[in-house]
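Written out below as structure tokens is the structure these notes cover.
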Amino acid sequence: MGLGILEDRVMDHVPGTTRYFDDPERPQYAVDGAEGLKCDTSGPLPIILVPQPSDDPNDPLNWPLWKKDLITFILSLTAIFATALGPILAANTMTLSWHFTKSLKNVAKLTGWFLLGVGVAGFLIVPSGRIWGKRHLFIGGTVLLVATCAWGGSVGTNYESFICARIFQGVATAPFEAFVNAAVGDLYFVHQRGKRMAFTNLAVFGGAFFTPILVGKITKELKWWWTFYLVAIFCAVCLPAIIFLCPETAYVRDASLNLDLLSTDNPAARKRDEVARDDPEKTADTTSAPSPPSSAAGTDGVEGAATEPRAHPVTPKVSYWRSLALFNGRKTNESFWKLLLRPLPLFVQPAFLWACLIQGLLIGWTVFIGVIMAQFFMGPPLWWDEVNSGYAYTGAFVGAIIGFVIAGLLSDWSARYLTKLNGGIYEPEFRIILVIPQMILGCAGLFGFGMTVDGLLKSQYSFYVPLTFFALEVAGMVIGAVAGSLYIVDAYRDLAIEGFTCMIIFKNMFSFGLTFKAYDWLIENQTKATPLFNALGAVQVVVCVLSIPMYIYGKRCRSFFHRHDLLAICGVR
């Protein structure tokens with residue numbers, strides 16, 4: 001029983017359990033005898049390139065680094081504009097209520113319809129991206145962003161038309177939420193992914209909290225519909241950049257080159273095993289921060305890459321204009337319908353259900369707070385306008401940054417420390433430790449927000465106090481998102497894509513449902529937030545406590561479902 005994790009009684013080696021230096025998601029330094037493996041020799045020690053690039057000049061691994069960084073920047077910038085559409089109405093709740101002569105509940109539903117579009121489209125586009133690549137989805141999504149944002153700004157007083165625009169805005173956003181991080185895995189080697197993945201995560205998730213801060217001022221100066229027109233303009237500027245500067249990143253290479261998807265069946269792993277048996281100190285701590293895998297493990301363009309002489313490429317480099325094709329062949333021969341249905345059985349697998357709950361619930365509570373804030377800040381006694389309501393999200397944005405920093409610092413440090421205590425054996429369940437700061441910050445934020453926002457209406461607290469608790473809730477949300485994602489990546493590497501799809505579906509559908517019930521729950525509690533948020537906080541505490549049995553029995557769960565393949569049983573493997 002390693003640090004409270006029950007050992008499995010059936011399997012000698014449970015998938016996911018590794019020596020720390022064998023983790024394929026971390027940089028591996030070349031050791032004597034690892035001949036034939038291509039390495040990055042630009043630093044003081046040669047780093048084995050994982051995945052190994054092929055000899056094909058069209059392999060994204062062989063593209064120059066500046067080209068890959070440019071692609072990442074363009075996709076991340078477009079993702080900021082796309083994901084900004086989620087909270088874009090937060091500061092304008094009262095304005096839209098007056099404009100459409102609808103209740104605050106109906107205005108809140110406009111955010112819910114957007115989330116429904118993201119959730120449904122996310123479920124449908126993942127198999128399309130795995131079969132035909134990501135380029136057609138990025139281009140199609142950007143075109144749809146331009147069209148639907150122009151549509152959203154021109155609806156006049158037609159509420160039903162606005163609902164349709166919001167749904168299709170969610171559909172257009174789905175490719176960026178689902179595939180921007182995956183594109184990083186396509187473009188970079190493992191040892192290059194860390195800071196790029198941090199950048200894309202901040203773009204996809206952090207940018208959403210910055211949006212309302214600007215929206216309020218834009219509405220005050222230009223009217224609310226210009227918030228959509230501006231997004232349409234910015235996306236229209238990004239569209240030619242995606243078309244002409246972002247070729248397809250998915251690439252099919254020989255399975256033996258994907259060292260990050262292999263265990264001990266490759267020369268590097270075998271050599272590390274031999275060195276570890278002879279001199280464990282020689283292989284200790286040759287790692288850096290982890291990052292999630294991609295849907296088509298690809299990557300790099302490294303200065304100083306070198307090894308044994310390489311054969312001349314047998315595939316000619318495609319021309320620039322041909323590289324701009326919307327499709328360049330299938331990436332897998334798997335059935336679309338099997339890929340589509342594959343995530344669904346995982347909802348009953350304890351690890352994936354836990355990850356959905358630990359990540360999705362706090363995301364849902366964040367959306368919940370956003371849609372009811374107008375009730376407390378835009379009415380008496382504050383009577384805030386759109387500008388001040390937008391500025392209220394400054395705390396949430398700061399909380400998101402704090403959450404990213406805490407998760408970044410603790411995730412790798414805690415894994416190293418617990419692995420050291422465990423005699424050099426790494427268990428994916430060590431990632432669950434991140435739920436502790438999530439529970440402290442997130443639950444404190446929920447309980448504190450409910451109590452102090454009621455006190456705000458009685459002039460007992462300054463508005464800074466509930467907004468500070470909102471920031472704590474957002475920080476906990478970010479940490480929980482990292483904890484759930486890292487656990488699935490480390491424990492079920494071969495099902496990571498399906499796992500992320502489950503989390504996209506759950507968080508968006510759950511948040512969609514909350515937007516329909518938010519104001520009903522407030523009315524049932526006579527617009528008092530304290531009992532409502534006490535209930536939400538209690539639910540969150542229970543979910544966080546479920547992490548204890550997940551930690552204790554996680555290894556046995558991994559063993560059981562490795563021996564009883566749920567996807568094969570359901571006929572979708």
Sort and list the pairs that fulfil salt bridge (charged side-chain N to carboxylate O under 4.0 Å, His left out) and have at least one residue in residues 339-359, not counting sequence neighbours. E334-R342, R342-E498

How far apart are the C-alpha atoms of D56 and K317, what are their side-chain angles, what is the distance that settles it, and do they pass the salt bridge (charged side-chain N to carboxylate O under 4.0 Å, His left out) test? CA-CA 8 Å; D56 183 355; K317 185 176 181 179; over 6 Å; no

Using the six-membered ring wherever Trp is involved, compare the ring planes of W365 and F368 and label them parallel, tilted or perpendicular (cut-offs 30° and 60°). perpendicular

Kindly assign one of parallel, tilted or perpendicular to the pair W132 and F327, based on the angle between their ring planes and the thresholds 30° and 60°. perpendicular

List the atom pairs, with distances to 0.1 Å, where a side-chain N or O of residues 106-128 and a protein N or O form a donor-acceptor pair under 3.5 Å, not counting sequence neighbours.
residue	atom	partner	partner atom	Å
N106	ND2	S103	OG	3.4
S128	OG	H136	NE2	2.9

Could you walk me through whether D55 and K38 pass the salt bridge (charged side-chain N to carboxylate O under 4.0 Å, His left out) test, one step at a time? CA-CA 11 Å; D55 289 326; K38 300 165 187 175; 3.3 Å; yes

Salt bridge (charged side-chain N to carboxylate O under 4.0 Å, His left out) between E427 and K555, worked out: CA-CA 8 Å; E427 303 285 4; K555 189 170 185 176; 2.8 Å; yes

Take the angle between the ring planes of F352 and Y492 and call it parallel below 30°, perpendicular above 60°, tilted in between. tilted

One pair to check against side-chain contact (heavy atoms from CB on, under 4.5 Å): W354 and I432. What are the steps and the verdict? CA-CA 10 Å; W354 171 86; I432 299 177; 3.9 Å; yes

Please lay out, stage by stage, how F506 and I363 fare under the test side-chain contact (heavy atoms from CB on, under 4.5 Å). CA-CA 10 Å; F506 179 85; I363 292 176; over 6 Å; no

Hey, is the main chain of L566 close enough, under 3.5 Å, to the side chain of R573 for a donor-acceptor pair? no

Any donor-acceptor N/O pair, R135 side chain to C246 backbone, under 3.5 Å: yes

Derivation and outcome, side-chain contact (heavy atoms from CB on, under 4.5 Å), residues L202 and I401: CA-CA 8 Å; L202 190 59; I401 299 297; 3.7 Å; yes

Take T173 and F81 through the test side-chain contact (heavy atoms from CB on, under 4.5 Å) and record every step on the way to the result. CA-CA 9 Å; T173 299; F81 299 133; over 6 Å; no

Any idea which heavy atoms bring G403 and I479 closest together, and the distance? O-CG1, 3.7 Å

Tell me whether R556 contacts the main-chain N or O of I5 through its side chain, where contact means a donor paired with an acceptor under 3.5 Å. no

Does the pair F430 and Y487 meet the rule for a ring-ring contact (aromatic ring centres under 6.0 Å, His included), with working shown? CA-CA 8 Å; F430 294 159; Y487 180 68; over 10 Å; no

What class does the angle between the rings of F397 and F210 fall in, given that below 30° is parallel, 30 to 60° is tilted and above 60° is perpendicular? tilted

Hey, is the main chain of V482 close enough, under 3.5 Å, to the side chain of S485 for a donor-acceptor pair? no

Could you walk me through whether D8 and R558 pass the salt bridge (charged side-chain N to carboxylate O under 4.0 Å, His left out) test, one step at a time? CA-CA 9 Å; D8 184 60; R558 284 186 278 133; over 6 Å; no

